[in-house]
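The structure appears right after this line, and notes come after that.
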Amino acid sequence: MFQSVYVIARNTFREVIRDRILYGLAVFGVMLVMFALALGQLSFSDHVRLTANFGFTAIHISSAILSIFIGSTLVSREIEKQTILTLLARPISRTQFILGKAMGLMGVILCVDLGLALILALILAGIDFEFSVNFGVAMFGVLIEALLLVSLTLFYGTFAKPFMTVVFSAASFLLGHWISSLDFFVEKSQSEGFRIVGGLLMRAVPNLEAFNWRSAPVYNLQVAPGEVLVALFYGLAWSLILLSATSIIFRRRDFV
Amino acid sequence: MSSSAPVLQVRGLKKTFITPFRRLRVPALKKIDFQINAGEITGFLGANGAGKTTTIKCLLELAFPDEGEITYFGQKGLSLEAKARIGFLPERPYFYEHLTGLEFLQFYGQLSGRIRGVDLRRRAEELLERVKLQHAGTRPLRGYSKGMLQRIGIAQALIHRPDFVILDEPMTGLDPDGRFEVREIIREVAKQGTAVFFSSHLLPDAEQLCRRLVIVKKGEMVFEGGTHELLDQVQRGWLIHWRSPENPNELKSETVADLVNLQVQIDAVRKRGGQIEDVTRVRASLEEIFMKIGFEDSALLKSQQGRSPEVVR
Ligand SMILES: Nc1ncnc2c1ncn2[C@@H]1O[C@H](COP(=O)(O)OP(=O)(O)OP(=O)(O)O)[C@@H](O)[C@H]1O
Ligand SMILES: [Mg+2]
């Protein structure tokens, strides 16, 4: 079972790292992180915090873009190029195929995110930033979010073309970050209808702010381990639901 | 592998495609039944659009039939264990462009779960050589020509030493040498006990290679059985070559319809002092059989339009 997932994941990893698109996106990420340094120079008072803040945001955005853009063609490309035919003729299930694709891309995102984190760490080390475990916690949140976004994108990809998949995923990304602010309005709202719609929306869209610990290393805030654990389960549960739905939709599909 | 149970049994396979948007129903397979025996080469023939690829996709659950029963190695359905014993070459060989030939073969070997490590690497190299791609093993498939992709595709289907290989038009897109090679490979593989099922419209290839044939026409089976059986059914008489005493430089020939006429014609030649050079059976080639099938087919269409009742074959 896991052997096959691993073999597919490894091939997916290889496929993505040998694709030029990745380098475009990775260079964009590196430039964005480097820009944090330049931005920090502009501000005299709080330039360490500004640099750190922008740096984490840069990694977060790059990671999300990577998840959504590469995720959107991950399966559709196999179908379009018909490589899926020989693959599924092998003793693997369609669920293993979906899991392998997701894991392979996660492997790439892990490498890119760690690379960007290393660059940010080097930059911050140069401007007397105070490192703590929070740096790792912030990165951990970015990675769980990436897993969720990859799962979401694969899910959309089962019924939408790559372009629309990107649109749906990007919309979910924005909504997922905005949804926690909706919470406030929903609670305060007088309108019953708004409360119901808002409540439904909050349950239908994963709350991506749950993984946002990016201000913790910047302002030296405490993050409770329990909070991280709960968020981890929340993220894993969403991914599991989305990937299961993806493979169920995929299970009876004809490849013609 | 037990040689008694057939490798594959197909019963009552039906598949109708529904086109997107306009929701048109395209009955691609109407009723397909056939069987493939262990170690035998079976040809799968049919004109364009007859339903060969659709049948093969249904066999591998790449598409799901509406009806029908498929039995592999004596067990119903396509289990992962059965899949591990099958090799497959799709119609259009598009493969992972980012992999080199060697990586590609190793990847598929690993996926089969049947072969790994040093054994796999050796097998991959051996197959690369067998399909004459040893020089290209370290190059990415992106740079392969169409024929090279076809060859590496065949190697991919064989990497795990399957008991049964399904090849969808393995010779299409190859030059004459390539076709010859593929034919040789199919023969070799069969000799080692692997059952081969391959589709083609290249009739001479099937005629030479296959002991058994399955022929489809517009989604329906029109023939299943021995190649010779089919050819005997369409026996068209005998061809005699002879030389007459008056003009010995000219080789004359004549076709006769049956054995009685053959004797009569031979006697006539001999009586006049002629010399018989050669007598051969004339059989319709599969090409002609196809033409005939095609012809009947148009007749069938016409009578259907005219609503005459005697249309069913
Ligand atoms: N996705 C699809 N939607 C609608 N009809 C389809 C689809 N795929 C195949 N068909 C139809 O099913 C029939 C059989 O097609 P199939 O590809 O199996 O033929 P084939 O025998 O492999 O032909 P060829 O020799 O050209 O490869 C054709 O009439 C084709 O138009
Ligand atoms: Mg075909």
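Below, chains carry the letters A, B, ... as their sequence lines are ordered, and counting in each starts from 1. Computed from heavy atoms alone, side chains included, the values below leave out hydrogens, waters and symmetry copies.
Rounding to the nearest 0.5 angstrom, the gap separating the CZ atom in Phe107(B) from the OG1 atom in Thr86(A) is 8.5 Å. Here the OG-CD distance, from Ser93(A) to Glu61(B), works out to 11.5 Å after rounding to the nearest 0.5 Å. With rounding to the nearest 0.5 Å, the separation of CG in Leu60(B) from CZ in Phe255(A) is 13.0 Å. If you take CD on Glu15(A) and CD on Glu97(B), they are separated by 9.5 Å, rounding to the nearest 0.5 Å.
Contacts of Ile17(A) with chain B are absent, with no heavy-atom separation under 4.5 Å from either backbone or side chain. Contacts of Ala82(B) with chain A are absent, with no heavy-atom separation under 4.5 Å from either backbone or side chain. Ile56(B) does not touch chain A: none of its heavy atoms, backbone or side chain, sits under 4.5 Å away. Heavy atoms closer than 4.5 Å to chain B are found in the side chain of Arg10(A), but not in its backbone.
With respect to Glu103(B) and Arg18(A), a salt bridge is recorded, a charged nitrogen being found less than 4.0 Å from a carboxylate O. At a threshold of 4.0 Å, the pair Asp254(A)-Lys57(B) does not count as salt-bridged, since none of the basic side-chain nitrogens sits closer than that to a carboxylate oxygen.
Residue Leu85(A) comes nearest to Leu62(B) through the heavy atom pair O-CD2, 3.7 Å, listed as atom of the first residue, atom of the second, then distance. Taking all atoms of both residues into account, the shortest heavy-atom contact from Val256(A) to Phe17(B) is CG1-CE2, 3.4 Å. His98(B) and Asn11(A) get closest at one heavy-atom pair: NE2-OD1, 3.2 Å. When all heavy atoms are compared, the tightest approach of Phe95(B) to Thr83(A) is C-CG2, 3.6 Å.
The local environment of NZ in Lys14(B) is sparse, with at most 12 non-hydrogen atoms from other residues, nucleotides or ligands closer than 6.0 Å. The number of heavy atoms from other shown groups lying within 6.0 Å of CD (Glu126(B)) is above 12. Shown here is Phe159(A), whose CZ atom has more than 12 heavy atoms of other residues, nucleotides or ligands within 6.0 Å. Counting heavy-atom neighbours within 6.0 Å of Arg92(B) CZ, excluding the residue itself, gives a total of 12 or less. Within a 6.0 Å radius of CZ in Phe69(A), no more than 12 heavy atoms belonging to other residues, nucleotides or ligands are found. Remark: Phe233(A) CZ is loosely packed, at most 12 non-hydrogen atoms of other residues, nucleotides or ligands lying under 6.0 Å away. By the neighbour-count criterion of 12 heavy atoms within 6.0 Å, atom CD of Glu80(A) is sparsely surrounded, having that number or fewer from other residues, nucleotides or ligands. The local environment of CZ in Arg253(A) is crowded, with over 12 non-hydrogen atoms from other residues, nucleotides or ligands closer than 6.0 Å.
Contact tally against chain B (heavy-atom pairs below 4.5 Å) for Ile84(A), Leu88(A), Leu87(A): the top residue is Leu87(A). Of the listed residues (Leu99(B), Thr54(B), Ile166(B), Leu78(B)), the one with the most heavy-atom contacts under 4.5 Å to chain A is Leu99(B). The residue among Gln96(A), Gln82(A), Arg77(A) with the most heavy atom pairs within less than 4.5 Å of chain B is Gln82(A).
At a cut-off of 3.5 Å, with distance as the only test, a side-chain donor of Arg90(A) or Gln156(B) sits close to an acceptor on the other residue. Using a 3.5 Å distance cut-off with no hydrogens or angles, the side chains of Glu78(A) and Tyr96(B) do pair a donor with an acceptor.
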